[in-house]
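As the structure lists them, so they are numbered: ligands from 1, and atoms in each ligand from 1.
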Amino acid sequence: MHGRECSLLGVITVTIAIVAVLLYDKGSFPTKQSSLTKTNPPASSSSRPRRSKKRFANMSLEKLMEKFLEQSMEAEDNFYRLEEQRLQAEDKRREEEHSRELQMLQMLGQIFAGISTSSPATPQPSCIPQTNPTVPLMRPSFGNRNHPSALNEFASHSQPAGPGLLMEEGDAKFIERSFSLGTAGMDSVIPLVRKTIPPLTSKKHKGQDGRIGIIGGCQEYTGAPFFAAISALKVGADLSHVFCTKEAAPVIKSYSPELIVHPVLDSPNAVEEIEKWLPRLHSLVVGPGLGREDMLLKNAKEIIERSKLRGIPIIIDADGLWLVAKEPSVIQGYQRGILTPNFMEFTRLYEAMHHEPLDSTDHKRSAQQLSIAMGNLTMVLKGEEDIITDGKNILTCSQEGSGRRCGGQGDLLSGSLGVFAHWAFNSPPDATKGMNPSLVAAFGATSLTRQCNRQAFHKHSRSTTTSDMIQEISSAFKKLFES
Ligand SMILES: NC(=O)C1=CN([C@@H]2O[C@H](COP(=O)(O)OP(=O)(O)OC[C@H]3O[C@@H](n4cnc5c(N)ncnc54)[C@H](O)[C@@H]3O)[C@@H](O)[C@H]2O)[C@@H](O)CC1
Ligand SMILES: Nc1ncnc2c1ncn2[C@@H]1O[C@H](COP(=O)(O)OP(=O)(O)OP(=O)(O)O)[C@@H](O)[C@H]1O
């Protein structure tokens, strides 16, 4: 803001200067050429203003203004480039500080753990998997299927407690932990979500709590990317970017001045244009309103590939899942990937992966199988109850919603999940008690979406729309995570 004001002031000042010079025909202009004259001094200093005058006298006022505006814009660009570098350095410094604090806390935790072993054990909440005290406090690598012990990693580090069900499938044994809001889940997973939410403090600068990108928005669908992007902002992201087609951009912009809209998704160099922004993004939501045109899917695929290289959490929804059904390898095995299929999308994906019809009698088992087939990717199967699994653990979210199902509700979910995912992956491992951050984030987003649905339905009943639900984000968030 400050920089932009300065630049505008600069433009105005320069413009006044030109007009003054032209009117009074005195002095010379500070062009590049005039600064060069310092290294190659002219024969006589008196001839300099005259040459300069002649040069500018040949230019129209309009041309001059254009030239100076151009220079001023260049200066502005430089200013922003430097500012971005400064912010990045600042981010890095804070991250280092944060990790130092974390190490201290971990050391203190280990010291206290040592002390507490000599006193009677404090019972842990029954449904939170307890980490083995001999295992170093590190973020576990979730879902490495090539690792023989990976499948039961969570189970082997935990003491089975609370509601657990042992299922067998061939040689594989899965510990299913089923958490439901209102019973065990409310007491166990919601507190973990809370711990990942960054506190609002005056110490932070704009952007630190989340810069989210949405890949989607085409001629047919402008609502979906808008819903996802505005939900991300309302949940607490600082900046929300939409990368959509040229045609969709003015429409999305017109819905909200809050969003940053890039009309690049169908441009010939779409991937390069979007890649420029990747270093600034904390998470990516691919698919809301993307459409199924080959060129758009191809661009989305390439953007996913490049985001993976940067370790950006990627949420894939809607038409992004159409792409995954066609080319599962695009996200298979990426541990920061989360898929959010509705039942139709899930069926499509399942059948593409397993080459057999879906047995719809046991959704949990099918979701778990699909997650495993996708390399222990986190799967959020939406429905009467939302099933969240990384193949090893299953959470179910049955927060009370309503009977109303309007289009766009899933976009609210995926947009908010973009933020929760950034927060969860950015939190120290003990915030999620060793649980896969994707699971915690997904649980936060599904409970929030359902709570919004419930509150909006209470006010609007049959007429409830996604916009009504978005209006409820603030109070639903407070109720679930801040009360
Ligand atoms: N306002 C907007 O711009 C919205 C755009 N949306 C976008 O719309 C695009 C398409 O998503 P949809 O979920 O509508 O996808 P589909 O067009 O595949 O499905 C629409 C609905 O049609 C039915 N259906 C689909 N296939 C069927 C089949 N084989 N047999 C029987 N019924 C079937 C299901 O009820 C399904 O929910 C996505 O990009 C999505 O993001 C949605 O998010 C809704 C809101
Ligand atoms: N039967 C249901 N009862 C309660 N909540 C539900 C039900 N079905 C879906 N939901 C909730 O609605 C949210 C969105 O799921 P939905 O199945 O509508 O997604 P979608 O079809 O992908 O949405 P979109 O219209 O945005 O594409 C989920 O968080 C889910 O919890």
### Task
May I ask you to list the atoms of ligand 2 that are less than 4.0 angstrom from any heavy atom of Gly408?
24 (P), 25 (O), 26 (O)
### Query
With a 4.0 Å cut-off on heavy atoms, is Gly401 touching ligand 2?
no
### Message
Looking at Asn269, I want to see if its CG is surrounded by more than 12 non-hydrogen atoms of other residues, nucleotides or ligands under 6.0 Å.
### Response
yes
## Note on the structure
Exactly one of Phe425, Phe481, Phe443 clears ring pair (Phe, Tyr, Trp, His ring centres under 6.0 Å) with Phe420, and that residue is Phe481
### Query
For Phe343, does its backbone N or O pair with a side-chain atom of Arg348 as donor and acceptor, under 3.5 Å?
no
### Query
Got an N/O contact under 3.5 Å between Gly410 and ligand 2?
yes
### Where ligand 2 meets Gly407 - atom numbers and elements under 4.0 angstrom, heavy-atom basis
25 (O)
### Heavy atoms of other groups near Glu384 CD, more than 12 under 6.0 Å
no
### Query
Are Phe346 and His363 an aromatic pair by the rule of ring centers under 6.0 Å?
no
### Query
atom 15 (O) of ligand 2: protein heavy atom closer than 4.0 Å?
yes
### Message
I'd like to know if the side chain of Gln455 pairs up with that of Ser475 as donor and acceptor (distance under 3.5 Å, no hydrogens or angles considered).
### Response
yes
### Query
Which residue holds the protein heavy atom closest to atom 6 (C) of ligand 2, what is that atom called, and what is the gap in Å?
Gly383 O, 3.4 Å
### side chain to side chain contact (heavy atoms under 4.5 Å, CB included) partner of Val264, the single match among Thr245, Val271, Asn299, Ile274
Ile274
Ligand 1: protein N/O within less than 3.5 Å of ligand N/O:
residue	atom	partner	partner atom	Å
ligand 1	3 (O)	Gly223	N	3.2
ligand 1	3 (O)	Ala224	N	3.0
ligand 1	18 (O)	Arg292	NH2	3.2
ligand 1	39 (O)	Gly289	N	3.0
ligand 1	39 (O)	Asp319	OD2	2.4
ligand 1	41 (O)	Gly289	N	2.9
ligand 1	43 (O)	Asp411	OD1	3.3
ligand 1	43 (O)	Asp411	OD2	2.8

### Task
Give a yes or no on whether the backbone of Asn342 and the side-chain of Glu345 come within a donor-acceptor separation of less than 3.5 Å.
yes
### Message
Counting non-hydrogen protein atoms only, what is the nearest one to atom 21 (O) of ligand 2? Give residue, atom name and distance.
### Response
Asn342 ND2, 2.9 Å
### Region of Asp411 engaging ligand 2 - heavy atom pairs below 4.0 Å
both
### Task
Decide, yes or no, whether a salt bridge links Arg211 with Asp238 under the criterion of side-chain N to carboxylate O below 4.0 Å.
no
### Query
Got an N/O contact under 3.5 Å between Thr340 and ligand 2?
no
### Query
Taking atom types as modelled, is there a side-chain donor on Ser371 or Asp390 under 3.5 Å from an acceptor on the other?
no
### Query
Any N or O on Arg450 sitting closer than 3.5 Å to an N or O of ligand 2?
yes
### Task
Would you tell me whether Ser366 and Tyr350 have side-chain atoms, one donor and one acceptor, within less than 3.5 Å of each other?
no
### Summary
Note: ligand 2 atoms sitting under 4.0 Å from heavy atoms of Leu413 are 29 (O)
### Task
Under 4.0 Å from a heavy atom of Glu384: give me the atoms of ligand 2 that qualify, with their elements.
1 (N), 2 (C), 3 (N)
### Task
Would you kindly specify which portion of Gln409 sits under 4.0 Å from ligand 2, judged on non-hydrogen atoms: side chain, backbone, both or neither?
both
### Message
Between Arg292 and Asp319 (salt bridge meaning N to carboxylate O under 4.0 Å), is one present in this structure?
### Response
yes
### Message
Give me the residue, atom name and distance of the protein heavy atom closest to atom 17 (O) of ligand 2.
### Response
Arg405 NH2, 3.5 Å
#### Entry: Between Asn453 and Ser402: side-chain donor-acceptor atoms closer than 3.5 Å
yes
### Message
Any nitrogen or oxygen of Lys382, side chain or backbone, less than 3.5 Å from one on ligand 2?
### Response
yes
## Note on the structure
atom 31 (O) of ligand 2: closest protein heavy atom, distance to 0.1 Å, is Asp386 OD2, 2.4 Å
### Task
Please state whether the rings of Trp423 and Phe477 are parallel, tilted or perpendicular, taking 30° and 60° as the class boundaries.
perpendicular
